[in-house]
Amino acid sequence: MSDRKLNGRGWRSARALALTLGVTTVLVACDSLLDVDLPSQLTEEALDDPTSAETQVTSAIAHFECGYSTWAYFIAGDEDSMDPQGAVYYASGAHVFQTGTETGNCDSNAQSTGHYTEWVVSRKMASDAYDRLTTDWAGVANSQRLAAIAALYAAANVEIFGELFCEMAIDSGPLLTPSATLDVANQWVQRALDLIGSGGDFEMPHDVTPGPGGAEALAYALRSRILWAQGDLSGAAAAGAQVPEGFVAHVTRGGGLQRRNKVYQQGTSTGYAAVARVNDWWAGDPNPATGQPWPAQIPFTGYLDLGILPADGRAVWDDNGLPVRMAGLYLKPEDATAVMDTRVTHFTKSLQGGSTGEVPNKYTADEDPIPFVNWEEIWLIRAEAAGGQTAIDLVNDIRAAHGLPLVSYADPGNATQIRYMIIEEKRRSLWLEGRYIMTKIQNTDLLWFPRAQGATPSQGAQYFGGVRRLMPNNEYELNPNLTLDDRATGCDPAQAPVLF
């Protein structure tokens with residue numbers, strides 16, 4: 001890890017530091033994100049040239065996307081869906097509840113796990129481009145639209161920081177709590193909405209929003225997630241109501257380095273991990289969020305052979321929180337009737353390390369896009385806010401879209417049953433999209449983190465202490481407002497990492 005600091009410098013310094021960390025800062029051709037020619041270093045002249053405005057905004061998108069593609073597989077183990085097999089991969093901290101996040105290049109080789117640097121660079125590029133497009137470069141063609149896009153990607157990066165990190169600092173600023181960081185993200189959303197309201201809605205470029213909805217839907221979807229993470233369920237639902245059914249914002253992908261779908265490349269093609277079974281191997285302290293011991297089979301774990309009962313749409317059992325499955329251990333007699341949940345599919349192949357196991361079948365090629373905003377998550381936020389029959393109806397919208405059995409078993413008056421239903425739907429709808437970890441962080445009373453106890457079942461890799469994440473140490477050391485003593489102080493103790 002570099003001893004340089006990323007979050008508190010100007011963009012030019014961020015560029016230099018990114019190069020120090022092994023990230024190639026690039027100007028991406030504006031015709032298509034699928035035609036990136038790397039490496040193409042960003043020059044000082046290009047930064048100051050208003051004709052490069054579109055290229056700078058597109059490059060901010062590209063950095064966000066490359067980091068997110070890596071993140072979606074890196075975090076899959078912490079989402080309880082992958083059991084690591086290849087030491088060359090999990091040694092980086094992937095799939096083992098690392099307390100920090102990976103700096104460096106997102107895709108310099110098959111094992112690359114960097115994402116933090118990409119998001120920091122993307123945020124700074126987007127922020128600086130927005131500032132210029134709304135001042136000195138206001139006369140550039142499509143400046144208003146470009147500024148709105150820049151604001152949306154600044155918001156997307158800062159939202160991740162607020163949802164994921166225990167504390168944050170931006171541009172050498174003071175320590176920000178998660179909620180304060182999310183306030184910054186929401187300010188960026190508002191800037192985007194103001195521009196969209198003035199100039200009109202538009203489809204996001206490069207096929208980022210290929211279905212219903214465009215820039216405005218993306219803004220409201222981000223706001224819905226921001227407010228949900230802050231605990232404002234009514235505000236989150238109101239924002240989510242502005243998002244059309246079927247809306248998806250993609251991390252677009254292509255072939256080759258920097259552009260490939262890392263979930264497919266690392267997870268399906270290379271086989272660095274196997275799809276995980278129900279967690280029955282871990283033994284550790286009681287859940288610090290509740291003081292209660294964990295059961296022998298950890299609830300809301302296991303992604304093998306997931307099913308749904310065709311008669312009533314049940315996907316999770318009320319008494320133990322285990323998923324309905326078509327095969328495996330700890331089944332109930334009713335599981336024998338289950339039909340496949342087509343949102344979570346896998347197949348058998350050889351894995352790293354010489355074993356054989358199940359790998360994901362969600363993405364089938366390097367070129368497959370990865371959703372970073374999915375209408376199904378917004379529907380489930382609205383379901384959480386509404387509860388009762390409305391929650392069931394919203395879940396059934398998702399089920400109907402996938403041709404899956406509808407929910408009829410749930411009692412609208414049973415809040416615990418409704419909560420279980422929603423969490424299980426999130427596990428399945430958001431599988432390998434890099435988003436379910438945010439639900440885990442917000443539900444530590446129910447969802448498992450090992451907190452630096454125990455090891456993975458197949459390879460015995462040590463679990464670390466991640467819940468929320470910490471910035472790299474140099475962010476605390478080089479920011480005059482922070483010290484290492486500030487680590488893990490900005491968030492609720494139940495969400496804070498341990499033993500770092």
Side-chain angles (χ1 to χ4, degrees), residues 72-73 75-86 89-90 94-97 263-264 266-282 294-310 313-317 319-364 402 404-405 420-421 423-434 436-437 439-440 447-448 450 454-461 463:
Y73 190 63
I75 201 61
D78 301 32
E79 293 181 325
D80 310 312
S81 67
M82 303 304 296
D83 173 17
Q85 305 292 317
Y89 185 74
Y90 66 72
H95 297 173
V96 288
F97 295 84
V263 182
Y264 173 77
Q266 294 179 329
T268 304
S269 178
T270 307
Y272 283 130
V275 177
R277 68 179 192 268
V278 167
N279 187 335
D280 60 357
W281 63 84
W282 185 84
W294 290 100
Q297 294 85 46
I298 305 293
F300 299 99
T301 62
Y303 281 82
L304 288 172
D305 302 307
L306 292 185
I308 298 173
L309 298 188
R314 180 184 287 278
V316 62
W317 293 106
D319 58 344
N320 58 16
L322 294 184
V324 170
R325 287 158 294 138
M326 299 180 295
L329 301 175
Y330 321 115
L331 298 177
K332 295 179 181 289
E334 297 90 334
D335 283 292
T337 67
V339 297
M340 178 187 296
D341 190 332
T342 53
R343 294 171 292 184
V344 183
T345 59
H346 47 81
F347 65 93
T348 306
K349 69 164 287 178
S350 296
L351 304 172
Q352 291 290 310
S355 62
T356 300
E358 298 297 306
V359 296
N361 200 32
K362 178 162 183 165
Y363 307 108
T364 60
H402 290 278
L404 296 170
Y420 278 32
M421 174 189 70
I423 288 176
E424 185 63 21
E425 288 300 299
K426 283 193 176 185
R427 282 200 337 126
R428 299 174 185 220
S429 280
L430 304 178
W431 188 48
L432 298 175
E433 295 181 8
Y436 178 62
I437 185 64
T439 289
K440 288 193 67 180
L447 303 179
W448 173 79
T456 63
S458 294
Q459 300 299 320
Y463 283 129

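Values below: all heavy atoms of this structure, side chains included; hydrogens, waters and symmetry mates excluded.
Looking at Arg277 and Glu358, their side chains never come closer than 4.5 Å, going by heavy atoms from C-beta outward. Looking at heavy atoms from C-beta onward, Phe300 lies out of side-chain contact with Trp448 at the 4.5 angstrom threshold. Between Leu304 and Arg325 the shortest side-chain heavy-atom distance does not fall below 4.5 Å. When side chains are defined from C-beta on, Tyr436 counts as touching Leu447, because their heavy atoms get closer than 4.5 Å. Residues Ile308 and Arg343 meet the side-chain proximity criterion, which asks for heavy atoms closer than 4.5 Å. In this structure, the side chains of Leu306 and Arg427 come closer than 4.5 Å at one or more pairs of heavy atoms. Between Val278 and Leu322 the shortest side-chain heavy-atom distance falls below 4.5 Å. Side-chain contact between Glu425 and Leu430 is absent, with no heavy atoms from C-beta onward closer than 4.5 Å.
Proximity of a side-chain donor or acceptor of Gln297 to a complementary backbone N or O of Pro295 within less than 3.5 Å is not detected. A donor-acceptor pair under 3.5 Å is formed between the side chain of Thr337 and the backbone N or O of Glu334. Between the side chain of Lys349 and the main chain of Val359, no donor-acceptor pair closer than 3.5 Å is present. In terms of modelled atom types and a separation under 3.5 Å, the side chain of Lys440 and the main chain of Asp78 share a donor-acceptor contact. No side-chain donor-acceptor contact under 3.5 Å links His95 to the backbone of Ser81. Judged purely by atom type and a 3.5 angstrom limit, Thr456 uses its side chain to pair as donor or acceptor with the backbone of Ala461.
Taking CG from Asp83 and CG from Leu351, the interatomic distance works out to 9.0 Å, rounded to the nearest 0.5 Å. The distance from the OH atom of Tyr264 to the OG1 atom of Thr270 is 9.0 Å, given to the nearest 0.5 Å. The structure places CG of Leu432 at 6.0 Å from NZ of Lys362, a figure rounded to the nearest 0.5 Å. If you take OH on Tyr330 and CG on Asn320, they are separated by 11.5 Å, rounding to the nearest 0.5 Å. Asn279 CG to Ile298 CD1: the interatomic distance, rounded to the nearest 0.5 Å, is 5.0 Å. In this structure, CZ in Arg314 is found 11.5 Å from OH in Tyr420, a value given to the nearest 0.5 Å.
Note: Phe97 and Trp282 fail the aromatic proximity criterion, with ring centroids not under 6.0 Å apart.
Nearest heavy-atom pair, Tyr463 versus Pro457, reported as atom, atom and distance to 0.1 Å: OH-CD, 4.1 Å. The nearest pair of heavy atoms linking Pro405 to Val339 is CG-CG2, 3.8 Å. Closest non-hydrogen pair, Ser355 versus Gln85, comes out as OG-OE1, 3.2 Å. Annotation for Val275 and Pro360: closest pair CG2-N, 3.9 Å, computed over non-hydrogen atoms. Listed here is the closest heavy atom pair of Ala338 and Pro310: CA-CD, 4.2 Å. The minimum heavy-atom distance between Ser458 and Pro84, with the atom names listed, is CB-O, 4.3 Å.
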Worked check of salt bridge (charged side-chain N to carboxylate O under 4.0 Å, His left out) between Asp319 and Lys332: CA-CA 11 Å; Asp319 58 344; Lys332 295 179 181 289; 2.8 Å; yes
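Between the side chains of Tyr89 and Gln352, no donor-acceptor pair is found at a separation under 3.5 Å.
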